[in-house]
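Let me begin by presenting the structure, written as structure tokens, before commenting on it.
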Amino acid sequence: MRYFAEAESLLAWYDTHARDLPWRISPAARAAGAHPDPYRIWLSEVMLQQTTVAAVKSYFLRFTTLWPTVADLAAAEDAQVMGEWAGLGYYARARNLLKCARVVVRDHGGRFPDTLDGLRALPGIGPYTAAAIAAIAHDQPHVVVDGNVERVMARLYDIHTPLPTAKRALTEAAARLTPRLRPGDYAQAVMDLGATICTPKSPACGLCPWRAPCAARAAGTAQHLPRKLPKTPKPVRHGHAYVARRADGAWLLERRPDSGLLGGMLGWPGSDWGESPLHTPPIAADWQQLEAEARHTFTHFHLRLTVHVAFVPDGVPPERGMFLSDAAFRPTELPTLMRKVFDLARAALNYTP
DNA sequence: TAACCGTGGGC
DNA sequence: TGCCCAAGGTT
């Protein structure tokens, strides 16, 4: 029963090395009969999609303070939730978070489903997140495969097939190892192992509870696994952004459409982004073009934004956007790109809050 | 299927 | 500095 022995050795390691995380029940507490709150597990898992633990912690604490239950979140204003998510990225997650909370309240009496299919049907919950919630919150033996698990399995079995082709084989390897006992702790244990020992670069094999059975360690290939297909280069796109300040201190902003990049977020009016996009100011004014441009890199392109600033008198209706009073405008509610634009603009406007 | 969708930290 | 990477989902 080799697989049983491997789950066993990993769980023993987890019992003494589990990370202390705000959304987590310690292995000791779980052994004593405590159960994690599915709402908190769901919220943390969505925040952790493609996002580091270090980045998520403060957002998680803020969200659970503002909205302690899924019903509280479901009743929140869209704009406030988007504003609180600002800076975390992948904003479709926040839009789906609200959709999901409202479905759980409306269709499930405020309780998260406890089946894989029930979870999988909710907005923003895919194969990984459904399995993670079922395993961690409901202690069901589902196979949880994220980037950590893929890396650990590729090394444990010395699998050289590049991702994403190797995904199926890695999932099958993970399935063979998943124990019927303590599946929730096991899922978190593999992720802790990947995050602290079996790291992408310079894995600490000497400290690993799986150093004996690890095929890549024996072969000396751990450092190079998992293999991945080469990435396509990012093109450079250009654009223009306009920051207008009214005499009474209000700022001209716009709510971006729900679909597409930075969907649903607050931003400065501007041009499309491309080779050399046409650009028209959102309001008539004596615009000043700044020398420095805002540079930002998204998942699939680099962006260089030319920033224009202007003071405008009271009483001029804008052609685009809406004026937000200085008291109502919180720069922390801007996505990072728009924050960069604001930081350049306010220096030019000599604005200190 | 593959493109799209953010951000900050590490090296 | 530029590239890699992180508890993926949707279309």
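All values derive from a computational prediction rather than experimental measurement. The sequence lines fix the lettering, A, B, ..., with proteins before strands; numbering per chain opens at 1.
- Separating the OH atom of A:Tyr91 from the P atom of C:dG8 is a distance of 17 Å, rounded to the nearest angstrom.
- Under the 6.0 Å cut-off for aromatic ring centres, A:Phe298 and A:Phe301 qualify, their centroids lying closer than that.
- For the pair A:Arg245 and A:Phe311, the cation-pi test (distance below 6.0 Å, angle within 45°) is failed.
- Across all strands shown, A:Trp85 has no heavy atoms under 4.0 Å from either base or sugar-phosphate atoms.
- In this entry the distance linking CZ of A:Phe298 with P of B:dA3 reads 19 Å, nearest Å.
- No engagement by A:Leu229 is indicated, since no non-hydrogen atom pair under 4.0 Å with the nucleic acid exists.
- Residue A:Arg95 is classed as having no contact, given no heavy-atom separation below 4.0 Å to the nucleic acid.
- For A:Phe63 and A:Tyr39, the distance between ring centers is not under 6.0 angstrom.
- With DNA chain C read from its 5' end, the first of the two nearest nucleotides for A:Thr299 and A:Lys231 is the one closest to A:Lys231.
- Across all strands, A:Thr336 comes closer than 4.0 Å only to sugar-phosphate atoms, never to a base (heavy-atom distances).
- Counting any heavy atom pair closer than 4.0 Å across all strands shown, A:Leu88 reaches a base atom.
- Nucleic acid contact class of A:Arg19 (heavy atoms, under 4.0 Å, all strands): base.
- Counting any heavy atom pair closer than 4.0 Å across all strands shown, A:Thr297 reaches a base atom.
- In this structure, A:Lys228 reaches the sugar-phosphate backbone alone: every heavy-atom distance under 4.0 Å involves primed, P, OP1 or OP2 atoms, never a base.
- Residue A:Gly87 is classed as a sugar-phosphate contact, given heavy-atom separations below 4.0 Å to backbone atoms only.
- Taking the six-membered ring for Trp and the full ring otherwise, the centers of A:Tyr242 and A:Trp268 sit at least 6.0 Å from each other.
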